[in-house]
Amino acid sequence: MVLLLPSYTGTILRVRGQLELKCPLHSTDVLPMHKAISETFEILRTQVKSESCVLAVCDSPVVIWPNKGANATPQEITPDTLCEDIHQWIQSDEQESFGKKSGKKKNKKSLASSVISLHLMMEVTNIGPLSAPILSRTVQKSHFISTTLPMDCAVRTSGNDTIKDACERLVEALTRQLCEMEKVTLQHMKGTTLLVPEPLHFLLPEPKGLVTVVYPAGLPDDQLETQRKELHQQFELPEDRPYFRRANVFHFPSEPYRDGYLRNPHLVLTHPTMNDGKPYLVQGIYSYHHYMQDRVDDNGWGCAYRSLQTICSWFQQQGYVEQAVPTHKEIQQALVDAGDKQASFVGSRQWIGSIEVQVVLNQLLGVTSKIMFVSQGSELASKGRELANHFLTEGTPIMIGGGVLAHTILGVAWSETTGQIRYLILDPHYTGAEDLQVITDKGWCGWKGPDFWDQTAYYNLCLPLRPKIV
Amino acid sequence: MCRLLYVLTRFALRLPLRQRYATEIRHCAKHCGKLCFSSLLTNPCPLSKFKRSPCLQAHILSTVLLPADRMGRGYIVEDAVERYLCELCEPLAGPITGLLIGQSSAQRDFVVMATRTPQREESAAATGNAPDKEWVTEHARQVSRMLPGGLSVLGVFIITETDGKDALTTLRQLVFAVENLISSEHLWNPADDNITDCVTLHVNPKTRKTICRTFDIKDTKSMAKPADWKYQSGVCSSWSMVSCCLNVDMLVPLPSNTTSTENMDACLKEGLKVWAHQIMSGVCLFDGRKLPEDTELTAGQKRNMRQTYTTQLLITPDERRLTDVIQRCGGSVSVRGTIHSRAYLHSNKPKAKLAEKLLKRDVVSTVATRVQMLLEELLTSEEERKSSRDTQKTEQFCLPRRVFCPIEATGPVCVCDYQFSDEGLCEVIDRLKEMLDIDAAEEDLDTRQEMTAELRESNIKAGCKIVCVCVCVCVCVCVCVCVCVCVCVCVCVCVCVCVCVCVCVCVCVCVCVCVCVVRAQFFYIIILIAKEILIP
């Protein structure tokens with residue numbers, strides 16, 4: 001699966017779990033409510049620091065008690081075991097039994113396995129005997145808060161960290177997250193509506209790495225602009241591109257994407273080497289859209305639509321827009337709305353070109369794009385500098401249409417001195433399944449030379465520009 | 001499917017086929033009733049001449065030959081049950097019904113005790129000789145509350161001279177009613193591997209002949225299937241036990257309209273369902289280890305040795321997002337405390353999965369039973385109470401504690417009962433006798449697993465004032481004679497202020513002991529060292 005972690009040799013421990021927030025509110029005045037909520041959060045913090053807090057490693061028999069000196073089961077795991085040794089206990093799909101993996105797999109550490117998922121649980125059993133239960137009934141017209149808090153903490157560990165160190169940091173992270181959740185809850189509480197605080201992880205450029213921010217669930221991004229500006233200042237990030245929008249959430253490698261589209265298939269390719277030249281690639285994440293997806297049979301006419309969908313997916317996943325990737329009909333409707341086409345256009349199988357792509361990007365996403373015109377395909381070889389520049393500054397995928405075909409350019413490898421040029425092409429004409437192997441082997445996503453283009457046809461390129469927002 | 005297989009499966013029950021494969025059947029029966037495919041295939045098999053693959057032959061044989069457990073279930077019954085049933089045959093006065101209690105497993109079933117339906121206060125003659133279905137099912141419901149994990153009501157017996165067919169009809173009605181009532185009270189979903197067969201036993205008191213049949217309660221049109229009924233001694237003497245002490249901490253809101261006990265019942269049931277789901281999906285550790293489902297719990301231990309395992313249960317709440325996080329309510333109900341839970345496992349290589357399932361079910365049912373019992377108590381007593389409700393009032397009630405009683409002097413298996421804080425052990429003994437026909441003495445009861453709940457007054461809200469009047473007697477020891485008399489008035493806001501004036505001529509040590517008459521508690525011991533105070 002696609003991996004966006006920088007080359008990092010440590011292990012990330014990620015703890016997820018639900019904690020119940022239940023609190024009777026005897027008064028709806030602001031101060032008593034806040035006090036009651038704060039007290040409940042304090043109880044939760046005590047729970048997390050108590051001996052009944054338990055971290056269970058997913059898909060394995062390993063269970064750790066972080067507040068009991070990092071005691072763990074099975075007995076072979078001691079507080080001094082290294083974190084990366086836990087990998088051996090995790091049951092992968094090939095393995096049947098619950099024991100250690102056979103063979104030394106220590107050296108082979110694929111990046112995908114460098115995240116260990118843990119489940120936050122509470123031990124309810126005790127050493128008895130203690131007193132039998134008491135039922136307590138309070139009758140009073142009041143309010144009641146009942147929800148669960150989605151805890152989600154990630155802690156980076158290096159090669160030398162033991163389980164004991166990791167546990168201390170995890171418990172600390174959980175406590176801190178509860179404090180942040182309390183702050184966010186109280187901040188966004190209006191009368192008797194309460195928004196559940198939701199932690200999200202964002203990957204910032206090194207050396208800051210993975211950062212967790214708590215947002216109130218249900219509030220759209222545009223209402224959180226002040227928070228984002230503060231975060232940008234806090235982390236000294238440029239204020240013209242988004243890092244903390246919901247769409248920028250870091251996607252952990254082990255989680256499959258729910259929509260089923262492939263992300264960044266170009267990452268598995270080896271880039272061409274050339275003297276004095278280097279590849280300039282698209283920045284960020286896009287999904288691969290091609291013929292026959294979504295049960296739409298657009299074989300033969302929909303290639304530009306698919307390329308446009310790929311571009312829209314880029315803007316969505318970088319956090320610039322919240323709308324989902326538009327369907328063919330929605331694209332056509334946008335063109336009608338923009339006045340570019342007649343109403344009869346919707347539902348037809350007419351082709352579109354770069355100009356239409358530019359119009360739709362503007363109409364639906366508010367994105368402006370630059371159009372580049374090439375009168376002959378052979379001229380494209382000389383556009384190396386411009387394309388390289390585009391990928392450096394904007395980093396958006398480029399839609400190119402000409403002759404009878406449309407494609408997406410994801411990158412260019414160009415040498416200033418020799419003039420050699422290669423293009424990284426994502427081909428929307430593919431009609432098969434989302435099979436990364438086939439797509440890369442058969443060149444549906446691959447590096448092409450200048451002879452890929454029809455040397456006599458003219459081409460239009462649409463180069464979308466990033467909006468300057470946070 | 002080949003023609004041969006089709007023919008064989010269609011006519012699998014026909015006698016001629018069974019005679020034809022009599023050798024194979026006998027061979028199978030010899031090997032514990034299980035089909036021993038490999039040995040069958042080495043012996044000459046009439047099917048082998050058809051040159052089918054071994055798997056197909058095995059499949060054909062399995063459908064044709066009906067291995068032993070498909071012919072009917074086998075019940076292994078404790079010797080004491082035979083003696084009990086014989087005793088019940090003595091009086092020969094009208095039909096006697098009762099319940100059979102034990103544990104089912106995939107291979108065979110164990111019956112460890114039997115108990116007769118208790119007599120009704122009204123004369124039995126009024127209702128005729130037919131057993132009262134309502135009464136029998138109510139008895140079964142009460143009995144099922146008194147069984148810890150692993151033990152359940154397996155079926156019904158009847159001791160009557162009436163004709164077999166009538167008796168069978170009666171038994172059928174009773175057993176369906178009993179099982180349906182008991183399973184409707186469960187807070188968990190029946191698992192797919194649940195055994196759904198129930199046993200009925202018809203004993204003829206004159207001839208002492210027993211006829212044992214099973215019904216499948218999942219199928220309302222189920223026919224009676226014959227079953228084996230074999231007596232054995234020491235059936236449960238080497239059964240294992242898994243147990244734990246579990247903290248319960250539940251908080252549910254009450255609806256805002258009314259405040260009666262029925263409403264509390266519905267809310268608590270909802271809350272219990274949610275909590276039960278958390279428990280059933282929790283992680284179970286046996287002796288500190290998380291075992292894969294199909295591991296044998298007793299693997300590596302000596303056979304026929306009874307084992308006890310301490311269990312730990314780890315739970316996590318399910319994600320729950322209501323559209324309104326804050327709701328209006330009319331109050332809240334909480335259940336907090338610790339319970340002891342246990343489950344017994346048969347000695348025939350029980351799996352970890354079974355132990356986990358039985359223990360979790362016991363955890364859920366013991367809490368649900370106690371809450372139910374308390375609510376039943378409250379409902380009856382609420383009609384008598386005409387309490388004026390303040391707008392802000394907290395009431396506390398103790399749930400009953402669990403008391404265990406072994407079913408036989410030497411065995412590990414116990415039944416249980418619930419003792420309210422205002423009851424004594426004699427009430428427990430009476431109930432054990434009435435419901436389970438067990439003669440127990442106070443010394444036999446195991447009351448050490450749970451302690452009676454204590455209501456703590458600190459739950460009373462701060463802000464309400466109690467005025468208590470203390471009479472203080474001060475004893476002064478000093479060099480010279482003096483007399484001190486103190487009167488103090490305490491206003492309780494968690495602080496007691498005692499004012500004592502001591503008049504004496506010279507150095508003295510005054511020890512003030514306040515005894516609060518209303519609360520019957522010692523309040524403060526104040527030691528005053530007074531310097532010379534000269535009183536004019």
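The model shown is predicted, which means the values in this text are computed figures rather than measured ones. Chain letters run A, B, ... following the sequence lines, proteins first and then strands; every chain starts at 1. Basis for what follows: all heavy atoms, side chains included, without hydrogens, waters or symmetry-related copies.
- Interatomic distance, CD1 of B:I326 versus OG1 of A:T147, reported as 10.5 Å (0.5 Å rounding).
- Proximity to chain A is limited to the side chain of B:L374, based on heavy atoms less than 4.5 angstrom apart.
- More than 12 heavy atoms of other residues, nucleotides or ligands shown are found within 6.0 angstrom of NZ on B:K360.
- Within a 6.0 Å radius of NZ in B:K351, other residues, nucleotides and ligands contribute 12 heavy atoms or fewer.
- When the candidates B:H340, B:R370, B:R401, B:Q312 are compared by the number of heavy-atom contacts under 4.5 Å with chain A, B:Q312 comes out ahead.
- Taking each heavy atom of A:T73 and B:K290 in turn, the nearest pair found is OG1-N, 4.5 Å.
- Counting all heavy atoms, side chain and backbone alike, B:T338 lies closest to A:P133 at O-CD, 3.6 Å.
- Separation of atoms CG (A:N126) and CD1 (B:I339) is listed at 11.0 Å; rounding is to 0.5 Å.
- Heavy atoms from other residues, nucleotides or ligands lying under 6.0 Å from NZ of B:K269 number 12 at most.
- No more than 12 heavy atoms of other residues, nucleotides or ligands shown are found within 6.0 angstrom of NE2 on B:H277.
- Side-chain contact check for B:V333 versus A:L135: some heavy-atom pair is nearer than 4.5 Å.
- Neither the backbone nor the side chain of B:R402 has a heavy atom closer than 4.5 Å to any heavy atom of chain A.
- For B:Q278, the part sitting under 4.5 Å from any heavy atom of chain A is the side chain, from C-beta outward, and nothing else.
- When heavy atoms are compared at a cutoff of 4.5 Å, B:S334 approaches chain A by way of both its backbone and its side chain.
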For this session: Could you go through the side-chain contact (heavy atoms from CB on, under 4.5 Å) check for A:I145 and B:V325 one step at a time?
Result: CA-CA 6 Å; A:I145 300 182; B:V325 174; 3.8 Å; yes
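- Note that CD of B:Q396 and OG of A:S136 are 4.5 Å apart. Values are rounded to the nearest 0.5 Å.
- Taking all atoms of both residues into account, the shortest heavy-atom contact from A:L120 to B:T316 is O-OG1, 3.4 Å.
- Of all heavy-atom pairs spanning A:Q18 and B:D318, the tightest one is CG-C, 4.4 Å.
- Taking the side chain as every heavy atom from C-beta outward, B:L254 and A:R137 approach each other to under 4.5 Å.
- Rounded to the nearest 0.5 angstrom, B:N247 CG and A:E123 CD are separated by 9.5 Å.
- With respect to chain A, the highest number of heavy-atom pairs below 4.5 Å among B:L246, B:I315, B:V248 belongs to B:I315.
- Note: A:S146 leads A:P74, A:G17, A:S146 in heavy-atom pairs under 4.5 Å with chain B.
- Around CZ of B:R328, the count of heavy atoms belonging to other residues, nucleotides or ligands within 6.0 Å does not exceed 12.
- For chain A, the nearby part of B:T311 is the backbone; its heavy atoms alone come within less than 4.5 Å.
- Heavy atoms only, all atoms of each residue included: B:L285 and A:W65 are closest at CD1-CH2, 3.5 Å.
- Within the 4.5 angstrom heavy-atom criterion, no atom of B:D249 approaches chain A.
- A 6.0 Å sphere centred on CZ of B:R289 holds no more than 12 heavy atoms belonging to other residues, nucleotides or ligands.
- No donor-acceptor pair under 3.5 Å is formed between the side chain of B:S332 and the backbone N or O of A:T138.
- The greatest number of non-hydrogen atom pairs below 4.5 Å with chain B, out of A:V124, A:V54, A:V63, is found for A:V124.
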